[in-house]
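Basis for what follows: all heavy atoms, side chains included, without hydrogens, waters or symmetry-related copies.
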Amino acid sequence: MISKIVTGVWNWGALSSQEILKLIETSIDNGIDTFDHADIYGGYTIEEQFGKALALKPDLQQKLKIVTKCGIKLITPNRPHHQIKSYDTSASHIIQSAENSLKVLGVEVIDYLLIHRPDPLLNPAEVAEAFTSLQKEGKVKAFGVSNFLPHQVDMLQKEFPLSINQIEISPLQTKALYDGSLDNCLKNNIQPMAWSPLGNGRIFTESSPEILHLKKVVQEVGEKYNLGIDQTIFAWHLTHPTAIVPVLGTTKANRIVDAAKAMNVKLEREDWFRILEAAEGHEVA
């Protein structure tokens, strides 16, 4: 099982090994033992940076879980043979990506490997072949997807059991509540993870009347539980029956400590709906 909140590393590219190590240790010390990666983060550099930091304290490997993703090919100097941005969910690419992630992270096993985005050329049988091979060889424990719609999850789930679907959901992006994504997670016993759970920080940076009203309501709800704005939003995610796992996007240790305080808070039903109503600008039908 992944932790109730996950530390995301996508913007750790400018950090030193010591700074990354501090964030790893802070996360683990506060009950956040899962780290969200993707091969492409930092232009294919952050997995290796994380691995170098982890090598400073190898015993931490036994205390953490790694989620990483593959399937997107970026145009970047680190991949000069990529001529166009594209997706690749062929068995050979999935296996090669996983093996490279293991190498640069310096870990013995990946806990969860996700297909990063739906691929129009995805062949479920071929993906299942890669997943089966990696699991049998002890290289990956479990598998999932990211940004997949319910019918796409079902298509792949028919061939191989999935554990995670990482989707965008926040009070500023609520479509997953209605498009069947979370219902599908409940049906298939799949854990949803929320990327951009704070709406890419817009609740803190924008000043439209709608955002200011949402911020005010979140603050009011948070005061009841002695939580800040971000903590209240994380509790909003975790209150859902699927216990949506927020992925943090911070480079600050204190933000990790604060976020962890929301892990065991469940909002009362009417408080949850107050935030939804403020987010959408109208009461439920």
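A salt bridge links D271 with K224: at least one charged nitrogen is closer than 4.0 Å to a carboxylate oxygen. A salt bridge links R255 and D230; the closest N-O separation between the charged side-chain nitrogens and carboxylate oxygens is under 4.0 Å. The residues K57 and E25 are annotated as salt-bridged, a charged nitrogen and a carboxylate oxygen being separated by less than 4.0 angstrom.
L121 places none of its side-chain heavy atoms less than 4.5 Å from the side chain of Y87. Side-chain contact between K63 and D33 is absent, with no heavy atoms from C-beta onward closer than 4.5 Å. Side-chain contact check for L162 versus V153: some heavy-atom pair is nearer than 4.5 Å. Using a 4.5 Å heavy-atom threshold, the side chains of I229 and F234 count as separate. Considering only heavy atoms from C-beta on, F131 stays 4.5 Å or farther from I95 through its side chain. A 4.5 Å side-chain heavy-atom check between F50 and I24 finds at least one atom pair inside the cut-off. Between L113 and V67 there is no side-chain heavy-atom pair separated by less than 4.5 Å. In this structure, the side chains of L227 and V221 stay at 4.5 Å or more apart for every pair of heavy atoms.
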Checklist line | Worked check of side-chain hydrogen bond (donor to acceptor under 3.5 Å, both in side chains) between E280 and T174 | finding: CA-CA 8 Å; E280 299 187 338; T174 61; 2.7 Å; yes

Next item on the list: Quick one: do N200 and T205 satisfy side-chain contact (heavy atoms from CB on, under 4.5 Å)? Show the steps, please.
Entry: CA-CA 9 Å; N200 200 29; T205 61; over 6 Å; no

Next item on the list: Evaluate side-chain hydrogen bond (donor to acceptor under 3.5 Å, both in side chains) for T68 paired with E47, printing each intermediate quantity in order.
Entry: CA-CA 9 Å; T68 195; E47 284 184 326; 2.6 Å; yes

Next item on the list: Kindly indicate, with the supporting measurements, whether the criterion side-chain hydrogen bond (donor to acceptor under 3.5 Å, both in side chains) is fulfilled by N188 and N184.
Entry: CA-CA 6 Å; N188 290 310; N184 184 270; 3.2 Å; yes

Item checked: Steps toward salt bridge (Lys or Arg N to Asp or Glu O under 4.0 Å) verdict (E220, R274) -> CA-CA 10 Å; E220 291 172 351; R274 282 188 67 198; 2.8 Å; yes

Next item on the list: Run the numbers on N30 and K261 for side-chain hydrogen bond (donor to acceptor under 3.5 Å, both in side chains), then give the verdict.
Entry: CA-CA 8 Å; N30 286 274; K261 295 174 183 175; over 6 Å; no

Margin query: Under the criterion side-chain contact (heavy atoms from CB on, under 4.5 Å), I'd like the reasoning laid out for T250 against L23: C-alpha separation, chi angles, the key distance, then a yes or no.
Written below: CA-CA 9 Å; T250 186; L23 295 177; over 6 Å; no

Check: Yes or no on side-chain contact (heavy atoms from CB on, under 4.5 Å) for K4 and V245, after CA distance, side-chain angles and deciding distance?
Finding: CA-CA 5 Å; K4 292 182 179 180; V245 173; 5.7 Å; no

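Both V107 and Y44 are assigned to one and the same hydrophobic cluster, defined by single-linkage of ILVMFWY side chains at heavy-atom distances under 4.5 Å. Side-chain heavy atoms closer than 4.5 Å link hydrophobic residues (I, L, V, M, F, W, Y) into clusters, and following such links, possibly through other members, connects L238 to V265. Under the 4.5 Å side-chain heavy-atom criterion for grouping Ile, Leu, Val, Met, Phe, Trp and Tyr, F273 is connected to Y178 within one hydrophobic cluster. With hydrophobic clusters built from ILVMFWY side chains whose heavy atoms lie under 4.5 angstrom apart, I256 shares a cluster with L198. Note on I190 and L186: separate hydrophobic clusters, where clusters join Ile, Leu, Val, Met, Phe, Trp and Tyr whose side-chain heavy atoms are under 4.5 Å apart, directly or indirectly.
No more than 12 heavy atoms of other residues, nucleotides or ligands shown are found within 6.0 angstrom of CG on N226. Around NZ of K65, the count of heavy atoms belonging to other residues, nucleotides or ligands within 6.0 Å exceeds 12. At most 12 heavy atoms of other shown residues, nucleotides or ligands fall within 6.0 angstrom of atom CH2 in W10. Within 6.0 Å of atom CG in N189, 12 or fewer heavy atoms from other residues, nucleotides or ligands are found, so the atom counts as exposed in its surroundings. Atom CD of Q96 has 12 or fewer neighbouring heavy atoms from other residues, nucleotides or ligands inside a 6.0 Å radius.
For the pair E223 (side chain) and V218 (backbone), a donor-acceptor distance under 3.5 Å is absent. At distances below 3.5 Å, at least one donor-acceptor pair connects side-chain atoms of E19 with backbone N or O atoms of S16. At distances below 3.5 Å, at least one donor-acceptor pair connects side-chain atoms of H82 with backbone N or O atoms of L74. Proximity of a side-chain donor or acceptor of E206 to a complementary backbone N or O of I203 within less than 3.5 Å is not detected. Between the side chain of T132 and the main chain of A128, a donor-acceptor pair closer than 3.5 Å is present. Listed for the H240 side chain is a donor-acceptor partner under 3.5 Å among the backbone atoms of T242. Using a distance-only test at 3.5 Å, with no hydrogens or angles considered, no donor-acceptor pair links the side chain of Q135 to the main chain of V140. The main-chain N or O of G106 is found under 3.5 Å from a side-chain atom of Q61 such that the two form a donor-acceptor pair. With hydrogens and angles disregarded, no donor-acceptor distance shorter than 3.5 Å links the side chain of W272 to the backbone of L267. No donor-acceptor pair closer than 3.5 Å links the side chain of E126 to the backbone N or O of N123.
Between K139 and L102, the closest heavy-atom pair is CB-CD1, 3.7 Å. Minimum interatomic distance between K52 and S17 (heavy atoms only, all atoms of both residues): CB-OG, 4.1 Å. When every heavy atom of W195 is checked against every heavy atom of E168, the shortest pair comes out as NE1-N, 3.2 Å. L105 and L54 get closest at one heavy-atom pair: O-CD2, 4.3 Å. Shown here for L212 and S207, the closest heavy-atom pair between the two residues is CD1-O, 3.5 Å. Minimum interatomic distance between A194 and P197 (heavy atoms only, all atoms of both residues): O-CD, 3.5 Å.
One finds the CD1 atom of I275 at 7.5 Å from the CG atom of L214 (value rounded to the nearest 0.5 Å). Considering CG of D154 and CD of E159, their distance stands at 12.0 Å, rounded to 0.5 Å. Note: D183 CG to L177 CG = 9.0 Å, rounded to the nearest 0.5 Å. The line from CD1 of I32 to OG1 of T26 is 9.5 Å long, rounded to the nearest 0.5 Å. A distance of 10.5 Å separates OG1 of T76 from CD1 of I40, quoted to the nearest 0.5 Å. The CZ atom of R117 sits 14.0 Å away from atom OG1 of T89, with the distance rounded to the nearest 0.5 Å.
Of the residues I244, I2, I167, N165, the one that meets the side chain to side chain contact (heavy atoms under 4.5 Å, CB included) test with M193 is I2. The side chain to side chain donor-acceptor pair (under 3.5 Å) test with K69 singles out one residue from D39, N147, D36, and that residue is D36.
Aromatic ring centres of F143 and Y112: separated by at least 6.0 Å.
If you check the side chains of H93 and S97, you find a donor sitting under 3.5 Å from an acceptor. N11 and Y41 are not linked by any side-chain donor-acceptor pair at a separation below 3.5 angstrom, with hydrogens and angles left out of the test.
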